[in-house]
Structures are given as structure tokens and as C-alpha cells.
Number of protein chains: 2
Amino acid sequence: MMSKRVGIREVAAAAGVSVTTVSHSLSGGGQLSDATRERVKSVAEGLNYTPNRLASGLRSKRSQIIGFVSDEISTTPYAGRVLLGAQEAAAANDQVLMIVNTNSNDRLENRGIDALLQHSVDGIIYARMYHQAVQLPEALAGVPTVLLDAYTDRLDLSSVVPDEEGAARTAMAHLLAAGHRRIGYLGNIDDIPATHGRLAGYRAALAEHGIAFDESLVTVSESMTAPGRAAASRMLAQPDRPTALFCFNDRIAMGAYQAAQLAGLAIPNDLSIVSIDNFEVLADALLPGLTSIALPHYEMGRWAVERLAAELAGEADAAPQQIQMPCPLVLRQSVGPPPH
Amino acid sequence: MMSKRVGIREVAAAAGVSVTTVSHSLSGGGQLSDATRERVKSVAEGLNYTPNRLASGLRSKRSQIIGFVSDEISTTPYAGRVLLGAQEAAAANDQVLMIVNTNSNDRLENRGIDALLQHSVDGIIYARMYHQAVQLPEALAGVPTVLLDAYTDRLDLSSVVPDEEGAARTAMAHLLAAGHRRIGYLGNIDDIPATHGRLAGYRAALAEHGIAFDESLVTVSESMTAPGRAAASRMLAQPDRPTALFCFNDRIAMGAYQAAQLAGLAIPNDLSIVSIDNFEVLADALLPGLTSIALPHYEMGRWAVERLAAELAGEADAAPQQIQMPCPLVLRQSVGPPPH
DNA sequence: CTGTTAGCGCCTTCAG
DNA sequence: CTGAAGGCGCTAACAG
């Protein structure tokens, strides 16, 4: 098994060349004739040669491993999409992902980063499971790093986050296009970028359409179903209730569905709803299906490792970038024209 | 940065001993006096020494890396819990996880396994995202492997899956204890272990309580919300409708909630519901909260890497084990006594 | 265009 | 109880 793997030496012998030639043939380096290069390659193939990355990493200082450190791999259902994007991009670059979870605990984080560094990862994706500001840990000083769903004020680090304001504008544009003018916003209460960005998008969209901002059409609550239900119930009880609701996220939207049901309002005939998250287990399951803005989890995962790879390769356009990703609208059945 | 890391050599010089002594001190091997051992350790600490795992792995043939290959990291929201368990167990063993996703595609799977092997992983967790039979890929022949949420007929491989039948019995026991006698089962249609095991558990629980199995109280459908809703509607339209429903999973249960609502039945006053998955985003969000059986994702993740570590260490009790994990009941508000 | 020759940082017999 | 020396598999000067 392991121990009997054929090495570069055996290939050299079998091909009647030196190990150098084999190394060059396989790695595309050196100045070899295409003939020998091909011959060596096929001999290697025939012998079932596979490189030992520990050895090459030790020698070349490039392990081809990307470290992925995240705060909570598990608590959010989006984590999978992020990881998938990152993993696929890594595979495309002949790299592999080594993951570590910190449970939002500094000691664990440092241990994890340490473990990654001991394994000589080439770089690190420092990820959060929801968009937030972070401070880069000491241990990462000098290590090529890109931030995912997180940002700092340092301009020498690349980072990617969702375009929160754009997401809100897209949601609002959809409602406005359907003819709604009284649109309520069921917002979030936490002091995070999503809270501020989405509210800003809501206001900007109204302003663009010459609709006055009406405080009575905005509530904030925790971003979960039960608080969302309460907030929605309050809003729908108003004399001049909104004809549509834009919700901070799908969980709040689910609360809004429940509130609508309790109030005897049919969706989308009496009330239209749009939200953000496109969390399929909810959005697809709700009756009717919930139109929602998708956060680009997969795409952020891909972008982050592609970016890191480019920076590691020292590519020309490898100057650090801080980008905001667009968030696409996913249509289902929760939006219709305003009633009457 | 990387290149200037202090090595075993510097530590030796600073401590006034040979590299051998340093190596022994740090790894706990050799026959050293406690005095020197401690002294060397503190010198190493003071110099901020960190081992280079590539080098030690190359030499000792133990990389301390566990490969984790799974079919779909992303499509199920449970994946995170599995990974978390695996990652934490690995960290506790001073190991680290290298992950690879196969998208259920053989070519990708082989490439992924290859990449893992090239990095000299010590062993592999071969995971599925839902309980199923698998055939171990050729490439894994001779590589220490444990199966997670998957099984084969090979008795030389350890594996862990949920106890499907036990889960169903637990759910049924809860309903029976509440006094229900007419209990409907909203089953799944796929030919997978969960389908058969849960139905078997349902029947066994009835038999134990001397309740005759009634075919009209069993339906099967795809395990999603809309089909579940349809199945539940049919069942609740029966003349002598059941007073409680046991659902294959939370998504079907959500359909049952919707059907109950459409039928004007209140939960739990008119109808009790229990299901399997304890998928919190749904179970907590439904009104009232859904009592559900949790699948032991985190625990399976932990168990798998602990098992693998034990087998790698050649421990005495390291004979392969195929185990079924118990699934605990999580109480919420969807169960009450039968009406009237 | 190809081969020789040193190590990468660490572990591990084998002597002292 | 401690040290010297060789080599894990590969890469990268540097010669030919």
C-alpha cells in the first residue's frame, strides 16, 4: 500500500533518464524536448506514479493546501455552499482545503490557525458565516489571507461580502414593479452590516420612486420566526396597512406568513412578500413559495480561493480587492399586484 | 515569515543539546531525564518553536491529516454538524481535516481521493449525507477508512449510521404515551434504509401495544413539504381520521401542518404530530413548535474520527465496529392528548 | 537538452 | 541517558 508507492526514482530508472528529467517533465519546468517529456509522462502513468506532496511541499515551500478557518461551520445552513464553492475552486487549482472551526473562541482559533501553519498551508481563507467586521488574529500576520463574508479596515487584504444594499434594492424593485407603493419593512435589530445595508437599500429604493419614507412602515425585531410573526402582526393591524412586506430574511418572512394567516390575509392576493436569504428549505416549503433574494454563498467561496490563488501566484492583477457580490432574485409565488 | 521559522536545530543549539534530544523531548520518546526534557521544552517554547508537519510526516509516515470525503457537502443542512463533530474530534487528537467533495460523481471522487492520498492522509472518513449503502471505491483499497452515515457488507470496515428503527419507536412511544391509538404514518417513498427502518419501527411500536396495523393509516410520498401536504390532506379527510401523525421527516411534517390548517384542525388540540430530523430552522419556526427526533449528526462525525484514530493507533479494542446510533427525542409543542 | 548534487526539517537506528 | 549520521521523496541550482 502506502509504503510501496513508486517514486520519481523508479520512474527515472524505467524511462532511462535522470530524476531531474522526470521532475521537469512532470512539473512542466526545465527545457526538455517534447518527446522525452511525453515519454516520461507515459512511463510515470504506466507505473502508476503519484507525487508525494509532503516531499514536494517540504522542498518547494508550497504545500498546495489552503487553510479554511471559520467561526461556525455548523450553525448555519449556508456554510455548506460556501465550503462547496471554496472546495471546487481549490480542486480546479490542484489545491486542497484543510478546515478548522473556531466556535468563535479565541483560544480554539489560535490553536486551529497554528495547526494549519504547522502543516504549511500556502494561505488562509478567514471566513465568517454571516457578514461582519473582524479583526485579523495576530497569528495570521504575514500569512496570505483572504476574508470571506467578513471585512476589516485594512486595504492590503482581499475580502468578499454580499452587496446588502443592492440586495434590498433588488427586492424593492421587484415589489415596486408589481405596483406596490405602501411597502412595509420587517427589519433586524442586530448591529451588523446586513441590518444597516438592507435598511439603506429600502430607503434608497423608495426615494428613487419618489415615495416618502414612513416610519410606521418599519419595524425591527430579532431575525427569527416568532419575533417576525409578532412584528408582522403589529404592522398588519395598522389602519392603512401595507400591501407588501419586504423582510430582512426568510425566517422573519415565515413569521410574516403566519401573521398573514392569523389576520386572514392571503398571499399574494392580499399581501405580497419578498425577503432575503433564499433559504430553500423554507422558501420552497412555504405556501405559496417565497420569492427571495439569494446570498451568493457558493460564489463567495469560489471567489475567495480564486483570489487567494491569484495572490499566491503573484499575478499581475493580484492587488488586493475588497468586493461586494451581487445578490440575485429568486422568483416564487409570494408576489402579486396590490389588492383592489 | 514562513521561511524564518525556528527549527529543531535552533532549539538544540539554544538548549545546548543535540537535535536528537530535542526530538525526543518534544515527542515524548527516548530515555531522557525529566530535567532535560522539561528544559528543552521550555527553551522550545521560548523560541516559539513550531514543528514542521510536512517534514515530520515525510519522515515518520504519519501526516496527522484525516481525509474527509463526502458526496454533498452542501445540499443538506446537516452536513455542518457532521463536519463539526469530525473536526472537533480530530483537533482533540492533534489531527486536522482535509476535505473533498465528490458531487456524487465517480470521476470527481477518484480525483479527490487521489489528492488526499498524495497528501499522505493517515486515513479517510468516507461520508454520505444521508444514510445509505455504498460501495467503497477501488482507490481506497488498503487505506484505513471508516464509513459515516453509510455502510457496506464488508465487516472489516467500521461504520456508523443512525438507528432508524429505534428513532421511529421513540417517536411512536411518545405518541402512545400521550394516549393516542389511531396514529397515521406519513412515510417516504425512496428505497433507502430510513424508509424501511422507520416503517418497521412504526409497525413494531404498534405491535408492542397490541394495536392492529391499519393500511389506511399509512401513506408514502416524496419527503418534501408539498407532497407531505397532499398525503396528510388525504389522510385527514378519512372518516375515522387519526388523532396523531408520525412523519418521516420535518419537511413532510411541515406539509402536515399546512394540511391541518387547511382542514381547520389545531395542533396539538385536534391533531398531534411527531417527526424525525429535528431540523431546527423548521421545527422551531413552525407554530406550534414541532416535536421531533434528532439524528445524531454531530455524534456520528465525532465517532467516525475517534474510531479511525483508534484503528490507526492500533489500539487493543480497535476491531472494526458497525454501529447504529440512538436518536434522541426533542420535545416541543406539537403533541398533546387525543381530542375528546 | 540532460544529469549530478545538495539539501528541505525532521525522525530514528545505532553507538557511545 | 545522549549524540552522530543517514535518509524520507522531491526540487533546484549548477554543470556538462
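Remember, predicted model here, so these are calculated numbers, not experimental data.
- Whole-Å rounding puts the B/Leu54 CG to C/dC8 C1' distance at 10 Å.
- For the side chain to side chain donor-acceptor pair (under 3.5 Å) condition, the pairs that include at least one residue of residues 135-155 of chain A, sequence neighbours left out, are A/Arg154-A/Asp156.
- For B/Ser18, taking side-chain heavy atoms from C-beta onward, the closest of the listed nucleotides D/dA4, C/dT4, C/dC8 is D/dA4.
- Every residue two or more places apart in sequence or in another chain that forms a side chain to side chain donor-acceptor pair (under 3.5 Å) with A/Ser63 is listed here: A/Asp122.
- Applying the ring-ring contact (aromatic ring centres under 6.0 Å, His included) test to pairs two or more places apart or on separate chains, none has a residue in residues 40-69 of chain A.
- Under 4.0 Å is where a charged nitrogen must lie from a carboxylate oxygen, and between A/Lys41 and A/Glu45 no such pair does.
- Partners of A/Ala12 according to the side-chain contact (heavy atoms from CB on, under 4.5 Å) rule, which considers only residues two or more places apart in sequence or in another chain, are A/Val19, A/Val22.
- Residues in residues 82-104 of chain A take part in these salt bridge (Lys or Arg N to Asp or Glu O under 4.0 Å) pairs, two or more places apart or across chains: A/Arg53-A/Asp94, A/Glu88-A/Arg302.
- Atom CG of B/Asn52 and atom P of D/dC8 are 18 Å apart (whole Å).
- Rounded to whole Å, the distance from CG on A/Leu26 to C1' on D/dT11 is 12 Å.
- Residues that satisfy the ring pair (Phe, Tyr, Trp, His ring centres under 6.0 Å) test with B/His297, not counting sequence neighbours, are B/Tyr78.
- For the pair B/Arg9 CZ and D/dG3 C1', the computed distance is 15 Å after rounding to whole Å.
- If you take CZ of A/Arg53 and C1' of C/dG9, they are 20 Å apart, rounded to a whole angstrom.
- Look at A/Lys61 and you'll find a side-chain N or O under 4.0 angstrom from OP1 or OP2 of C/dG9.
- Remark: side-chain polar atoms of B/Asn101 are paired, donor with acceptor, to backbone N or O of B/Asn103 under 3.5 angstrom.
- When rounded to the nearest whole Å, the span between CZ of B/Arg62 and P of C/dC10 equals 19 Å.
- At whole-Å resolution of the value, CD in A/Gln64 and P in D/dC10 are 15 Å apart.
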Please produce a list of atom pairs where a protein N or O lies less than 3.5 Å from an N or O of nucleotides 11-13 of chain C.
from, atom 1, to, atom 2, distance (Å)
C/dC11, OP2, B/Ser23, OG, 3.2
C/dC11, O2, B/Arg59, NH1, 2.7
C/dT12, O4, B/Thr20, OG1, 3.4

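- For the pair B/Gly16 and B/Leu58, nearest-nucleotide mapping onto DNA chain D gives the more 5' position to B/Gly16.
- Each end of the helix from C/dC1-D/dG16 to C/dG16-D/dC1 gets its own axis from five base pairs, and the two axes differ in direction by 40°, given to 10 degrees.
- Going from atom CD of A/Glu10 over to atom P of D/dC8 covers 10 Å, rounded to whole Å.
- By the salt bridge (Lys or Arg N to Asp or Glu O under 4.0 Å) test, A/Glu109 is found to be paired with A/Arg128, residues two or more places apart in sequence or in another chain being considered.
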